There are 2 protein chains.
Amino acid sequence: METIEKLTKTLRSHGMKITPQRLMIFKVLENNTSHPSAEDVYKRVKKVYPAVSFTTIYKTLETLRTLGEVREFTIDDDRKHYDPNTNTHHHAICSTCKKILDVFEDFSPHVKLPDFFKKDYTVSGFQISFFGTCKECN
Amino acid sequence: METIEKLTKTLRSHGMKITPQRLMIFKVLENNTSHPSAEDVYKRVKKVYPAVSFTTIYKTLETLRTLGEVREFTIDDDRKHYDPNTNTHHHAICSTCKKILDVFEDFSPHVKLPDFFKKDYTVSGFQISFFGTCKECN
DNA sequence: ATAATAAATAAAAATGATTGTTAATTACGG
DNA sequence: CCGTAATTAACAATCATTTTTATTTATTAT
C-alpha cells in the first residue's frame, strides 16, 4: 500500500473519484497491522463519518483489492480480513483470541514443492499460517 | 480418520448413536482427497439417502470434527472445506478452478519462527498454502 | 463559478452459507 | 418389545456479503 497521494493518482488514472469515504478507508488501513475485517473498518470509519454505509466499506475494500492496495484473506474464520501489506509475508494466528501477527521471515529458499509436482502444478507463491497461542493468552 | 469400525467404537464411547446418516457421511469422507464442502458432502449422501437434510450434514461434520475425525479449513473461499486426513500436510490451490491438491512434503525442519518470536508466541503447528495453477488449467 | 453527467453513496432488499429450534423419528439399554 | 434420550428433517433465523435502486456528489466542460 502506498501513500495517499499515490492512491489519489491511481484512482484518477482509473477514472475513479476521490471521495472522503475512500480516503478515510485508506487511512484506516494505512500501516494497519491488525488485519481488520470489513466490520472493523466500518466501525473505525463510522467514528469520523457516522453516515457511512456498510456497502461503501465493502465496495471500497473490493476496489482497493482490485487496485492491488490491499490483500484479502481468510483464516479459519467466517469473515474476510484485509491487509495493507501486500508484500510476501506470513501470519501467526492465536487459537484463543484469533489475533493475527505478521511474520516477515523469508522461507522461500526452504519451501519448495517436490519435483514431481512440477508436471501437475505451477506455483506462483505460498502462504504460511502458524497456529498457536499468543503471549497474552498464554 | 480411521476405519468405520473405529468410528463406531468412538461414537459408542461418547454415548453417541450409530446412525445410517453418520456412517454414510463418514464413508463419503473416507479416503476422500477432494476437500469437499458441506454441500459437496450433502450431494453425495443425498444420492443414497434422498431424504437426508442439510442440518444433519452440518451437525455430523461438526461431530466428526470434535471427535478429531476430520479437519475443517477455509482457503480464500466463502465456504468451509473438510479433510479426513488429519495428519500434518499442506495444500496447493489452483487460482483458476479452486481445486485443492495435497502436499505431503515435511517442511518442519525448515519452517521455524525466528527466535525473537518465542517470547510472543507458542507455535503448535503450521500450514502452508501454495497458490498457483493446476495442470488442467494451464 | 455553474451545469451536465457519470460515478459513488446510502438504504434497503436479496443471497448464500451456516446455525438454531422444534416436533417427529429412531437407536439402543433394560 | 418398551421407554427414553439422542438424532433427525423441516423450518426459521442469523450472519457476512452482494445486489439493487434511487439519491447525492466529484469532476469535466461550459
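Chain letters run A, B, ... following the sequence lines, proteins first, then strands; residues in each count from 1. Because the structure is a prediction, the values reported are computed rather than measured.
Straight-line distance from the OH atom of A:Tyr49 to the C1' atom of D:dT24: 15 Å, rounded to whole Å.
Direction change of the helix axis from one end of the helix from C:dA1-D:dT30 to C:dG30-D:dC1 to the other is 30°, with five pairs defining each end axis (rounded to 10°).
The NZ atom of A:Lys27 sits 5.0 Å away from the CD1 atom of A:Ile4 when rounded to the nearest 0.5 Å.
For the segment residues 13-24 of chain B, the set of residues with a heavy atom within less than 4.0 Å of an atom of DNA chain D comprises B:Met16, B:Lys17, B:Thr19, B:Gln21, B:Arg22, in numerical order.
Using a 30° and 60° split on the angle between ring planes, B:Phe130 and B:Phe107 fall in the tilted class, from 30° to 60°. A tilted orientation is assigned to the rings of A:Phe104 and A:His89, their planes being inclined by 30° to 60°.
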Worked verdict on B:Phe126 versus A:His90 for side-chain contact (heavy atoms from CB on, under 4.5 Å): CA-CA 11 Å; B:Phe126 66 89; A:His90 307 284; over 6 Å; no
Mind listing the N/O atom pairs, protein and nucleotides 10-14 of chain D, below 3.5 Å?
residue	atom	partner	partner atom	Å
D:dA10	N6	B:Thr55	OG1	3.3
D:dC11	N4	B:Thr55	OG1	3.2

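When all heavy atoms of B:Leu29 and B:Pro36 are compared, the closest pair comes out as CD1-CG, 3.8 Å. Annotation for A:Ile75 and A:Ser129: closest pair CD1-OG, 4.1 Å, computed over non-hydrogen atoms.
In this model, a donor atom of one side chain and an acceptor atom of the other lie less than 3.5 Å apart for B:His35 and B:Asp102. A:Thr122 and B:Asn138 share a donor-acceptor pair across their side chains, judged by distance under 3.5 Å alone. Of the N and O atoms on the side chains of B:Asp77 and B:Thr74, not one donor lies less than 3.5 Å from an acceptor on the other residue.
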Let me have the donor-acceptor pairs involving side chains of residues 14-24 of chain B, under 3.5 Å, with sequence neighbours excluded, atom names and distances please.
residue	atom	partner	partner atom	Å
B:Thr19	OG1	B:Arg22	N	3.2
B:Arg22	NH1	B:Lys17	O	2.9

Could you pull out all donor-acceptor pairs under 3.5 Å where a side-chain atom in residues 113-120 of chain A meets a protein atom, sequence neighbours excluded?
residue	atom	partner	partner atom	Å
A:Asp115	OD1	A:Lys118	NZ	2.7
A:Asp120	OD1	B:Lys135	NZ	3.4

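Close approach of DNA chain C to chain B, defined as any atom under 4.0 Å from a non-hydrogen atom of the protein, starts and stops at C:dA17 to C:dC28.
A salt bridge is absent between B:Lys59 and B:Glu62; no separation between the charged side-chain nitrogens and carboxylate oxygens falls under 4.0 Å.
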